[in-house]
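Okay, so here's the structure we're looking at.
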Amino acid sequence: MTLAYVKSKRTALSWDQEFKPNLPDLENFLAKILEKNSVTNTEIFMLCLGIGFNEGLKRDVPPRKSDAVRLSYLKDGHMAIIKSVAISDTKDDLVLLDEDKIYDIAEQYAATGLMMLSRAMKSEPDFTGWLTALLFNQAKEVGSLS
Amino acid sequence: MKIEKISISNFGIIADVVLDLTSGNGNLVFVNGENGRGKTTFQSALRWCFYGKEPPINKFLSSYILESSDSGALLNTSVSVQILMDDASTAFVERMQVFQKTDSGTSKRVGQPKLSIKTRKSETGSFVDVLVDPEIWIRKYFPERLINFFLFDGELMKNFFAISVKGAIENAVKEIAGVDMFESIASNLSQVETSLNRKISRLTGTKAEKINEEKELQRRLMEDIYSDYRLTEDELNLKKERKSEVVALLEGVEGLGLQSERLKVIEADLELKTTNLGVTNTAFQMQVLASGTNSLLQNSFAELRKKVAHAEKEDRLPPPFEPARILQLIEDETCLCGAHLEPKSKAVLKLEAIIEKYTVASDVGRILDTTSRQIDLIEVELRTGWQFIQDKNNAIIQLRADIDKLTKERDSLVEKLQGHDVDSIRLLATERKNLDRQIEALISKFSSLKEQGGNVALVVDRLDKEFSEASKGNAQADELKKQAHLANEIASAAGKIHSIAIQQVRQQLQNSISEKFKLIMDGDVKTQINENFEVRTLRSDGTEIELSEGQNMMKAYIFSIALREVINLGFPLIVDTPLGRLGEGPRTQLASMLSNLLTQEISESKRQVIFLMHDGEYTPYTRKHFADSHPTEVYLAYEPGFDTKKSILGKGIDPNWLKFTAWKDWAEEKIK
C-alpha cells in the first residue's frame, strides 16, 4: 500500500443541516455573553466541536455544504486541535495524511455539539449562565491542573 | 404701643380681612396659617402701610378682585391700622392706592399711594387729621432705620447677627443716639478748615503754599484711601453677608451641599466602575469561551502525545533522513560513496522500499511535529488563560461590590436630596468656596489700606506742623488761622459728641441685652457691641460663646426688645415664622426661652408681639409654652371655593389643622 498525503479540495467546513437553523439563536446568545455585536464562525464552530467531542458522540453530516467556517480563517492552533481530535478519534496518526477525513471527524463532533447546544437553548432557562458555568468549570478543571 | 385693629383690603391674597384685637389683652397674637395662605402678605401689608415699601407688583393688588371686576373699574388697595399709643391716645394710620382694570385685564395705578393719619386723645373723642405731614408723623413713631426691628423674618433670625445686621445695628444706634446732625457738623467744618488753610497759604508765601498743597494732596490721598477703605469694607461686608446667607441656606438643607458634591463624585465613580465592569466582563467571557472550548478538547491531546512518543521511539520524529534526497541518488545512479547504483538492482529495490516507508513516516512525523508544538502552546495558554480568568473574576467581584456599595450610598443620598434642587445646592457650595477666596483677598486689601491710611495720617500731621511754622507772621493769615482752628475744634467736638452719644447708646443696649440674656442662659454672660457694631456674647473671661441656632434667634429677639426699651418707643414686634425652620428639639427650646422672655416683657407693659406661624411651628406643644400669656389666636385660610386666590381670617385654630395628629389629640384633649 502506498500512502501519500491527500490534501482536501474543500474551502470551508460544513454544518449539520438539521440543527443549522438554530445557529442565529446560538450566535445571539454568544454575542450577549461576550457583550459584542457578533461572534465569529470560528468561535461557534470550535465551541460546537468542543461540546460534541467532550460528549464523545459524532453525527453524520452529509452532504458537504461548505457552509461553516472557512478553512482559511482557521489559525494554526485551531488546525492543531482539529488534527488532535482526528488522532484521538481514530487512534491512528496516519489520519493526518487525509485532510478530508480530519475535517469530516471535526464536522461530525461539531454536529453533535450544535445539536446539544440547540437542545440546551430550549431546555435551559438561563442558557447563557449554563454555558458560562460549563466553560468556566472546564477551564478551571484543566487550567488549574495543567 | 399696641395695635388694636388691622384692616387689609385687596392686598395680594388677602381680599378683605379685619383683625380686631380690642376684645382680648392683645399683647401676644398668633396669626397662623399654612404656607401660601397669606402670612407673609399680612406682614408685607403692614410694611407698606407704615413704611410705604411696596410688594412686587404681582403681589400688590388682589388678583381675585382684579379678575372679578369689570374692565375700567376702579379698585382700592388699602391697609389701615388702629394703634393705642403710649400716651393713651389712639392713632389711625391708613395707606391706600387706587388701581384701574385695563381692557387687557391687567391693572394700572391711578395716582400716587395716599397716607392718612388721624388721632384722637381718648376713646370717647373723635379722630382728627394730624397737623404735621403724615410721613413725618409716622417716621417719628416708626423710624425707617428701625424697620428691621419692627418687622422681622424669623427664617433669617438664626443668622440675624451674621446677615445684614451690622448696618442695621449701626443705623439703629445712630437713630437712637440722634446724632446725625453732629456727624454732619463735623464733616462741614472740616471742609471749612480746608478752605481757610488754602487762603492762609496764599497769604503766607511760597513755602507755606507748597506745604499746604502737599498737605491737601496727602489729604486727598487719605480721602481716596479712606474711600477705598470704606468701599472695601462695604464689599467685604457684602461678601460676608452673602456668605452667611449661603451658609444659612446650606445649613438649612442640613449639609446637603456636601452631600450633593458627594453625589456628583459617586455618580462619576459609578459610571467609571460600570464601564470598567463591562470591559472586564467582556474580557472575562471571551477568555472563558476560548479557554473553556479548548479545555473541552483537551482530552484529545493524550492520544496525540502517545503518537508523538511512538514516533520518537521509532526514530521518525524527526525523520532520520530525507527520502527525496536518497531518491535523487537512485535517479543519478550514484551512491554517496561514489559506487554505481544499478537500476532495478537488489540494492536499489531495497532502498526504494525504505524510501516509501519513510516517506509516509516523514509526512506523518512532520505533521505530528507541528501539531504537537501548537498543542504545547495551547496547553500553556490554558494555564495562563485560567490565571487571566481568575484575575478578571476577582476584579468583577470587587467591581460589583464597589458598585453595590456606591449604589446604596447614591440611593441614600438621592433620598435625602429628594425635593431639593441639587444643582442649586451645588452652585451654592461652589459660591461658598469662591466667597471664602474673595473674603480672604478683601481682608488682605483692607489691612493694607488701613496701614496706608495710618502712614498718610502721620505725614499729614507732620505737614500740619510745618504749615503752622511756615505761615507764621502774617496778621490776616493769623486771623484766618484762628478761624480754621475754631472750625477744627468744632468739627472735633461734634465728632466727639457723635461718638460719645453712640457709645452711650451702645452701652445701654449692652446692659439691657446682658440683663435679658440672664432670663434664657445660666452663668455670667454679657453682651458687647463693639466699634464695628458686632454684637458678641461673651463669658466673664471675655471669650466668645458659640450660641446654638435657637439661642442666636433668642439673641435677635432680645436685641429687638432691648432696642425698644432704650429708644423708648414701644412699637410692636411683628415676626413672620418666629421659630424659623428649626428642628423639633431647638424649636421647643426656643419656644420655651421665648415664652420666658415674653412673659416678663409683655405682661407688665403695653408691648405687643404678633407672631405669624406656619403649621410646622405652631403645634399644641409650642402653644402650651405661651398659654400663660393668654394669646389671641387667629388663622389665615383659603376661602372655600377660592383656593390660592383668596384668604380669609378666622378665630382660634384652623379647623383644617385638626387633620394633623397632634391637633387631633389636642382637640380630643389628649394634649392639654
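Please read all numbers here as calculations on a predicted model, not as lab measurements.
For the pairing with A/Ile105, the side chain to side chain contact (heavy atoms under 4.5 Å, CB included) check across A/Val85, A/Asp100, A/Ile87 returns one residue only, A/Val85.
Most heavy-atom pairs under 4.5 Å with chain A: of the set B/Ile389, B/Val380, B/Leu368, this distinction falls to B/Leu368. Of the listed residues (B/Thr293, B/Leu297, B/Asn281), the greatest number of heavy-atom pairs within a distance under 4.5 Å of chain A belongs to B/Leu297. Ranked by non-hydrogen atom pairs under 4.5 Å with chain A, the options B/Gly278, B/Ser291, B/Ala283, B/Ser295 are led by B/Ser295. Of the listed residues (B/Leu304, B/Leu377, B/Val364), the one with the most heavy-atom contacts under 4.5 Å to chain A is B/Val364. Top candidate by heavy-atom pairs under 4.5 Å with chain B, chosen from A/Gln138, A/Glu55, A/Glu43, is A/Gln138.
A side-chain donor from one of B/Asp402 and B/Gln398 sits under 3.5 Å from a side-chain acceptor of the other. With no hydrogens or angles considered, no side-chain donor-acceptor pair links A/Glu27 and A/Asn41 at under 3.5 Å.
Between B/Asp376 and B/Arg305 the shortest heavy-atom distance is OD1-NH2, 2.8 Å.
For A/Asp92, the part lying under 4.5 angstrom from a heavy atom of chain B is the backbone only. For A/Leu131, no part sits under 4.5 Å from any heavy atom of chain B, backbone or side chain.
Taking the six-membered ring wherever Trp is involved, the centroid distance between the rings of A/Trp130 and A/Phe29 does not fall below 6.0 Å.
At least one side-chain heavy atom of A/Lys58 sits less than 4.5 Å from a side-chain heavy atom of A/Asp89.
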